[in-house]
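Since the structure comes first, as structure tokens, the remarks are kept for the end.
Every chain is numbered from 1 and lettered A, B, ... according to where its sequence line falls, protein lines coming before strand lines.
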Protein chains: 2
Amino acid sequence: MGFMANVPRLDGLIERLESADALDDLQGIIEELRDDLGVDHVVYHWVNSNGQQYGCGTYGDWAVRYAEKGYLRIDPVVQGCFQRFHPVDWKRLDWSGKAARAFLRDAIEHGVGNQGFSIPIRGPNGQFALFTLSHNCDDDTWEAFTEDNRRDLILVAHYFNQKALELEPGRTPEAAQPLSPREIEAMTLLAVGYNRAQAADTLSISEHTLRVYVESARFKLGAMNTTHAVARALSRGLIVV
Amino acid sequence: MGFMANVPRLDGLIERLESADALDDLQGIIEELRDDLGVDHVVYHWVNSNGQQYGCGTYGDWAVRYAEKGYLRIDPVVQGCFQRFHPVDWKRLDWSGKAARAFLRDAIEHGVGNQGFSIPIRGPNGQFALFTLSHNCDDDTWEAFTEDNRRDLILVAHYFNQKALELEPGRTPEAAQPLSPREIEAMTLLAVGYNRAQAADTLSISEHTLRVYVESARFKLGAMNTTHAVARALSRGLIVV
DNA sequence: ATCTTCCTCCCCAGAAACTGCGAGGGCGGG
DNA sequence: CCCGCCCTCGCAGTTTCTGGGGAGGAAGAT
């Protein structure tokens, strides 16, 4: 397999993905993909909304350092992809800011390539993941490579996330519990700045009733207070502001 | 051309999608895709969870009736796809329940095919859309057709949604005034359920100081209260919970 | 037919958050 | 050098939220 080849045997890869039945298989598949592509790193990174992370890939100790340092909060790749729909070249992200530059320096020192290409993927309940390629080369080479493989990579990322969703053990049971229509309305109004009286008035119900909805939603979401509940509902995609 | 052909000229279609610069172009592209595929209907449906909808497709008056009747709330396709990641054949959805069956009967009476295949797509800020094919044929034919075209359809749906996101008028990227590091920490802690005392303690500052951060963030975000501010910070990707 | 879930309404007291006032030191840019 | 922004801290009064009760009707599911 040569240097930065096109995605090879896409069919075979996706078939292997579909027949995988353990997270360890994913690690193997991702390493195979890295070798076939000829890039330095391939990483799948699950950004769980409660701060936990799951990932597999070829970053090695950088992944450990990343988690230890809490880089998730300042990583411009995460920040940028979270607001985008399409795959993004790292060069197009906002690397201004002291923290971002320090992060980048640290990353490169720990073996991450100077080039990167990340595909955001979103699933139900606000799930968010990143499928990332990283490599060391010049801009033109990287540009050509990503353009050639963009569509195939989108598909691979999609199937990879599908399998990861299936296999992920931490499928929070409480996340499955949906909110009732009234609860959604109530939470949405609170999320856009209404206080309880205003929200109740908007829904033409008593403030007490609205309170019941909010409490019910808070219970379902496992939240400690209203702000927490609204944050969780937003993170899980149950409401939209 | 012909009956239910494979996705033809995928490259050309995606190129047309990428060069589209108006929502009307999308309507044309979707009609072309329907003709090329040889299916009865192709529909792109933007489901905003606050009740607003945008769609384009070939449903004609059914789309109007759908909106008028508020079918969004009972449509098993929407309900089912919202909880799923992968494309889904309508047969695999839950059609039990009186409302669902009545809805299905009404749909078929208004020209919707007895077969359907819907691809859920999710974008930033909880955006959710459906890309749907519908047709009239037997189960085996439909099964074979969707299996053959699954990957191409996923890609088309992805690029279609990307363009729809670009062209959607309601995209007001409000000046994302950045929060200071301390403000981000404070808002993040509140978003994960801490109250002000706990958050202040965690940051090793006085509760009053924390309050100042929250007020400052609230002002920057144009929010009316803490809950609102946290919701906005989350929506704009300023904090990650 | 029964059971669960949802929607609606009520009271009260304590805890927490909001509003508005003010103050000082540090750090970087014009 | 001054201006603006960030970080830090205090008091007091008012409003809002939280948590504990209870209660009845309507709809859908088993």
| field | Heavy-atom protein contacts under 4.0 Å, nucleotides 16-28 of chain D, coded B base, S sugar-phosphate only, - none | value | -BBBB--------

Pairs under 3.5 Å (N/O, protein and nucleotides 4-6 of chain D):
unit_1: D:dC6; atom_1: OP1; unit_2: B:Lys220; atom_2: NZ; d: 3.3

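- Annotation: of the two residues near DNA chain C, B:His208 and A:His208, the 5′-most nearest-nucleotide partner is A:His208.
- In this view, A:Arg122 satisfies the salt bridge (Lys or Arg N to Asp or Glu O under 4.0 Å) rule with no residue, not counting sequence neighbours.
- Partners of B:Asp75 under the side-chain contact (heavy atoms from CB on, under 4.5 Å) rule, at least two apart in sequence or in another chain, are B:Tyr66, B:Val77, B:Val78, B:Phe103.
- Of all non-hydrogen atoms in B:Asn136 and B:Gly113, the two that sit nearest each other are ND2-CA, 3.9 Å.
- For A:Ala63, the side-chain contact (heavy atoms from CB on, under 4.5 Å) partners are A:Tyr59, not counting sequence neighbours.
- Counting to the nearest Å, the P atom of D:dC9 and the CG atom of B:Leu210 are 10 Å from each other.
- For DNA chain C, the span of nucleotides reached by chain A at under 4.0 Å from its heavy atoms goes, 5' to 3', from C:dC6 to C:dC12.
- Applying the salt bridge (Lys or Arg N to Asp or Glu O under 4.0 Å) criterion to B:Arg151, with sequence neighbours excluded, gives A:Asp11.
- What you find for A:Gln83 and B:Ser235 is that their closest heavy atoms are OE1-O, 3.5 Å.
- With sequence neighbours excluded, the residues that form a side-chain contact (heavy atoms from CB on, under 4.5 Å) with B:Arg84 are B:His86, B:Val88, B:Leu93.
- Applying the salt bridge (Lys or Arg N to Asp or Glu O under 4.0 Å) rule to B:Asp89 yields the partners B:Lys91; only residues at least two apart in sequence or on another chain are considered.
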Listing, residues 95-102 of chain B side-chain donor-acceptor contacts under 3.5 Å, not counting sequence neighbours, or none:
unit_1: B:Trp95; atom_1: NE1; unit_2: B:Trp90; atom_2: O; d: 2.7
unit_1: B:Ser96; atom_1: OG; unit_2: B:Asp94; atom_2: OD1; d: 2.7

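- Taking a pair as Watson-Crick or G-U with both hydrogen-bonding distances under 3.5 Å, the stems of three or more pairs touching DNA chain D are C:1-30 with D:1-30.
- Under 4.0 Å is where a charged nitrogen must lie from a carboxylate oxygen, and between B:Asp106 and B:Arg65 at least one such pair does.
- Using a 4.0 Å cut-off between charged side-chain N and carboxylate O, B:Arg211 and B:Glu207 make no salt bridge.
- At D:dT8, none of the side-chain N or O atoms of B:Ser206 fall inside 4.0 Å of OP1 or OP2 (strictly under the cut-off).
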List the atom pairs, with distances to 0.1 Å, where a side-chain N or O of residues 190-198 of chain B and a protein N or O form a donor-acceptor pair under 3.5 Å, not counting sequence neighbours.
unit_1: B:Asn195; atom_1: OD1; unit_2: B:Ala197; atom_2: N; d: 3.1
unit_1: B:Asn195; atom_1: OD1; unit_2: B:Gln198; atom_2: N; d: 2.8
unit_1: B:Gln198; atom_1: OE1; unit_2: B:Asn195; atom_2: N; d: 3.1

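- Checked against a 6.0 Å centroid threshold, the rings of A:His158 and B:Phe85 count as neighbours.
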